[in-house]
**Q** 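Right, I'll just put the structure down here and ask away after.
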Amino acid sequence: MLQQQAEAHVAENVFERYLQARPIFKGDREVLRPSYIPATLPHREKQIDQLAQILVTALRGARPSNVLIFGKTGTGKTAVVKYLENELRKVDEAGKVTYVYLNCEIVDTPYGVLQSVGNRFVEDAERQIPFTGLSTDRVYSMLLERLDAERRIVIIVLDEIDKIVLKNGDDILYQLTKVNDDLRQSRLSVIGISNDLKFTDNLDPRVRSRLSDEKMVFAPYNAEELRDILAQRAEIAFPAGVVGEGVLPLIGAVAASEHGDARRALDLLRVAAEISERTGGDRITEYHVHRAKDKIEMDTVTEAVKQLPSQSKIVLLAVLINEEKGAAKMTTGEVYSRYRELAVRTGLSPLTQRRVTDLIDELDMLGLVNARVKSYGRGGRTKEIMSSVPAADVRRVLDNDETLVELRRYRPRNQTTIF
DNA sequence: TGTCCACTGGAAGGGAGGGCTT
DNA sequence: AAGCCCTCCCTTCCAGTGGACA
């Protein structure tokens with residue numbers, strides 16, 4: 001009997017059931033990724049126009065003004081800039097304009113920026129600038145030489161430009177904006193993209209004025225605009241009738257309430273579709289959107305926790321364990337002593353308290369804990385720390401972490417809660 | 001009003017890991 | 001091989017501080 005059932009299963013391949021289900025996606029689901037640049041960008045026509053007017057100078061062989069673009073995440077800054085890159089390529093038949101896009105979250109050192117730009121002008125591996133080893137001055141002169149090798153206009157896009165300034169100061173921007181003084185025939189301009197409006201406050205006045213020849217601000221999308229964007233993508237991604245009525249307005253409303261983030265809206269739509277697909281559905285409903293919202297929130301947290309270096313994981317665990325013991329909030333000192341105890345147990349040598357306060361700040365930036373400086377008067381001035389994520393879920397991730405095996409069974413002494 | 005606590009957070013610097021130059 | 005220079009992670013040192021309390 002059992003045998004027969006097993007055989008019956010062998011006959012029907014596991015994949016078949018899923019293959020037979022009507023696919024929800026019409027074609028490439030990349031259409032719903034933020035990296036996809038559609039043929040038109042709804043509700044950004046004005047910005048595209050404005051930037052095009054600035055950049056057209058490059059096609060005439062002269063240097064366009066430097067531009068600073070401000071706007072929150074998912075307001076289409078990067079999309080507009082990349083869109084114009086594509087458009088520019090189409091008309092620049094002579095290939096005299098070089099467009100270099102760099103994300104300063106990834107390339108986050110002055111050396112890295114100069115190196116990446118410099119490498120854009122050579123194909124063969126032999127002449128690539130190494131990612132370390134040379135002095136920055138040296139890389140700068142190599143870059144100059146390559147820029148000036150033939151007459152060209154170079155447009156450098158520094159996405160998340162505030163990140164590199166925060167980390168390294170404005171030296172690199174100073175160098176990039178004065179590069180033109182050292183060039184004989186080529187010209188370079190910089191497009192900076194930032195989601196922090198105030199980042200220019202910390203710049204050297206000379207750099208600030210040079211960099212912001214032109215300024216653009218991208219306002220967040222409202223719910224209706226988001227709906228238009230979603231409708232445009234949905235039409236490419238799904239066959240007619242798949243997206244339930246009310247789904248796009250719902251996603252639009254959710255994303256609009258979270259500072260009009262189009263990226264977030266597209267993610268919601270994609271994940272909702274995937275959830276429906278996985279559960280054998282052939283339509284996307286509002287139910288799937290709600291499920292998608294939960295899933296995305298959960299995934300960002302667990303992913304962030306997984307990526308943490310071991311020491312930071314232990315710091316986070318220290319916070320959670322103190323909370324399990326009943327502390328609603330705690331001071332740096334309390335986190336640190338718990339952290340030391342845990343670190344010793346795992347066999348890692350404990351870091352200094354100074355370093356741990358930095359790690360706590362990092363966890364705060366990631367939104368995993370909440371840390372605010374508070375004074376307790378005579379009780380001293382310290383941070384008040386509490387976790388800001390669902391403890392059980394984070395605990396599960398940490399318990400499955402191989403570097404923390406020693407702590408898997410660890411529970412604090414005289415604990416009050418039962419797990 | 002001044003004291004004093006428990007830190008905060010800036011600055012400087014060490015050293016490991018990477019890689020070029022001579 | 002020795003000498004540089006880069007970044008990253010970390011330590012050491014320390015002046016500065018918000019606010020309850022005497």
Side-chain angles (χ1 to χ4, degrees), chain A residues 102-119 121-122 124-146 158 160-176 199 201-204 304 307-316 318-319 322 327-344 346-366 368-386 403-404:
Chain A
L102 294 177
N103 188 324
C104 298
E105 179 120 63
I106 298 156
V107 185
D108 62 353
T109 61
Y111 184 98
V113 169
L114 298 176
Q115 182 228 5
S116 307
V117 178
N119 281 343
F121 300 103
V122 288
D124 58 312
E126 294 288 294
R127 297 186 53 229
Q128 295 276 314
I129 302 171
F131 67 90
T132 173
L134 300 177
S135 72
T136 309
D137 285 349
R138 182 73 202 287
V139 178
Y140 179 74
S141 42
M142 287 167 91
L143 173 63
L144 274 186
E145 195 182 301
R146 291 173 185 199
L158 297 176
E160 314 216 31
I161 191 171
D162 44 317
K163 297 276 160 55
I164 201 166
V165 174
L166 191 72
K167 215 176 150 226
N168 304 283
D170 54 10
D171 288 0
I172 177 64
L173 300 184
Y174 181 76
Q175 276 189 312
L176 283 180
F199 107 96
D201 292 359
N202 313 317
L203 294 181
D204 181 301
Q307 301 292 329
L308 250 30
S310 325
Q311 293 283 13
S312 299
K313 282 179 185 155
I314 299 175
V315 174
L316 179 59
V319 173
N322 279 355
K329 342 173 148 166
M330 62 207 89
T331 64
T332 303
E334 284 157 356
V335 173
Y336 185 66
S337 42
R338 178 71 66 193
Y339 156 82
R340 273 195 81 93
E341 186 191 339
L342 297 176
V344 168
T346 36
L348 274 112
S349 49
L351 303 172
T352 56
Q353 181 159 327
R354 179 68 187 84
R355 180 67 187 137
V356 170
T357 54
D358 281 345
L359 295 184
I360 291 173
D361 284 344
E362 283 169 26
L363 292 176
D364 183 38
M365 296 251 279
L366 288 170
L368 297 174
V369 305
N370 203 305
R372 292 207 341 267
V373 179
K374 197 182 170 194
S375 175
Y376 294 86
R378 273 246 161 123
R381 189 170 168 264
T382 176
K383 284 196 180 86
E384 194 178 76
I385 302 152
M386 58 188 125
T403 54
L404 304 180

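In what follows, every chain begins at residue 1, and chains take the letters A, B, ... in the order their sequences are listed. Predicted model, so just to flag it, every value in this text is computed and none were measured.
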**Q** Side-chain contact test, heavy atoms from C-beta onward, threshold under 4.5 Å: evaluate it for A:L359 versus A:L351 and give yes or no.
**A** yes

**Q** How many whole angstroms separate atom CD1 of A:I385 from atom P of B:dA6?
**A** 15 Å

**Q** If you look at every heavy atom in A:D364 and A:N370, which pair is closest and at what distance?
**A** OD1-CA, 3.7 Å

**Q** How far apart are the closest heavy atoms of A:K313 and A:L308, and which atoms are they?
**A** CE-O, 3.2 Å

**Q** How bent is the helix from B:dT1-C:dA22 to B:dT22-C:dA1, measuring the angle between the end axes built from five pairs each, rounded to 10°?
**A** 30°

**Q** Spell out protein contact along nucleotides 14-22 of chain B as letters: B when the base is contacted, S when just the sugar-phosphate is, - when no protein heavy atom is under 4.0 Å; keep the 5' to 3' order.
**A** ----BBSS-

**Q** A:T332 side chain N/O closer than 4.0 Å to the phosphate oxygens (OP1, OP2) of B:dT8?
**A** yes

**Q** In residues 108-115 of chain A, what donor-acceptor pairs under 3.5 Å come from side-chain atoms, sequence neighbours left out?
**A**
from   : atom 1 : to     : atom 2 : distance (Å)
A:D108 : OD2    : A:K167 : NZ     : 3.2
A:T109 : OG1    : A:G112 : N      : 2.9
A:Y111 : OH     : A:P130 : O      : 3.0
A:Q115 : NE2    : A:I129 : O      : 3.0

**Q** Judged by atom type as modelled, is there a donor-acceptor pair below 3.5 Å linking the side chain of A:E334 to the main-chain atoms of A:T331?
**A** yes

**Q** Tell me: CE of A:M365 to C1' of B:dG9, nearest whole Å?
**A** 14 Å

**Q** Please confirm whether the shortest side-chain N or O distance from A:T357 to OP1 or OP2 of B:dC7 is below 4.0 Å.
**A** no

**Q** If you look at every heavy atom in A:S116 and A:L102, which pair is closest and at what distance?
**A** CB-CD2, 3.5 Å

**Q** Yes or no on side-chain contact (heavy atoms from CB on, under 4.5 Å) for A:I164 and A:L158, after CA distance, side-chain angles and deciding distance?
**A** CA-CA 9 Å; A:I164 201 166; A:L158 297 176; 5.6 Å; no

**Q** Nearest 0.5 Å, please: how far is CG in A:L316 from CG in A:L342?
**A** 11.0 Å

**Q** Please confirm whether the shortest side-chain N or O distance from A:T352 to OP1 or OP2 of C:dT11 is below 4.0 Å.
**A** yes

**Q** Over all strands shown, is A:D108 touching base, sugar-phosphate only, or nothing at heavy-atom distances under 4.0 angstrom?
**A** sugar-phosphate

**Q** Can you check the A:E384 CD to B:dC7 C1' distance for me, whole Å?
**A** 14 Å

**Q** Give the rounded distance in Å between these two atoms: CE of A:M142 and P of C:dC5.
**A** 16 Å

**Q** The side chain of A:Y111 is closest to which nucleotide in this list: C:dC6, C:dT12, B:dC7?
**A** C:dC6

**Q** With sequence neighbours excluded, what pairs up with A:S310 under the side chain to side chain contact (heavy atoms under 4.5 Å, CB included) test?
**A** A:T403

**Q** Considering residues at least two apart in sequence or located in another chain, which fulfil the ring pair (Phe, Tyr, Trp, His ring centres under 6.0 Å) criterion with A:Y336?
**A** A:Y339

**Q** OP1 or OP2 of B:dG9 less than 4.0 angstrom from a side-chain nitrogen or oxygen of A:K383, does that happen here?
**A** yes

**Q** Please report the distance, rounded to the nearest Å, between CD in A:Q353 and P in C:dC10.
**A** 16 Å

**Q** Can you measure A:D364 atom CG to B:dT8 atom P for me and round it to whole angstrom units?
**A** 12 Å

**Q** What does the B/S/- profile of nucleotides 15-21 of chain C look like, 5' to 3', with a 4.0 Å heavy-atom cutoff to protein?
**A** -BBBBBS

**Q** In whole Å, I'd like the distance from the OH atom of A:Y336 to the C1' atom of B:dA6.
**A** 15 Å

**Q** Which atoms form the tightest heavy-atom contact between A:S349 and A:Q311, and what is the distance?
**A** O-NE2, 3.3 Å

**Q** For the pair made of CZ in A:R354 and C1' in C:dC10, what is the distance, rounded to whole Å?
**A** 11 Å

**Q** Looking only at heavy atoms, what is the nearest atom pair of A:A327 and A:M330, with distance?
**A** O-CE, 4.4 Å

**Q** Taking the minimum atom-to-atom distance to the side chain of A:T382, which one of B:dA6, C:dC10, C:dC13 wins?
**A** B:dA6

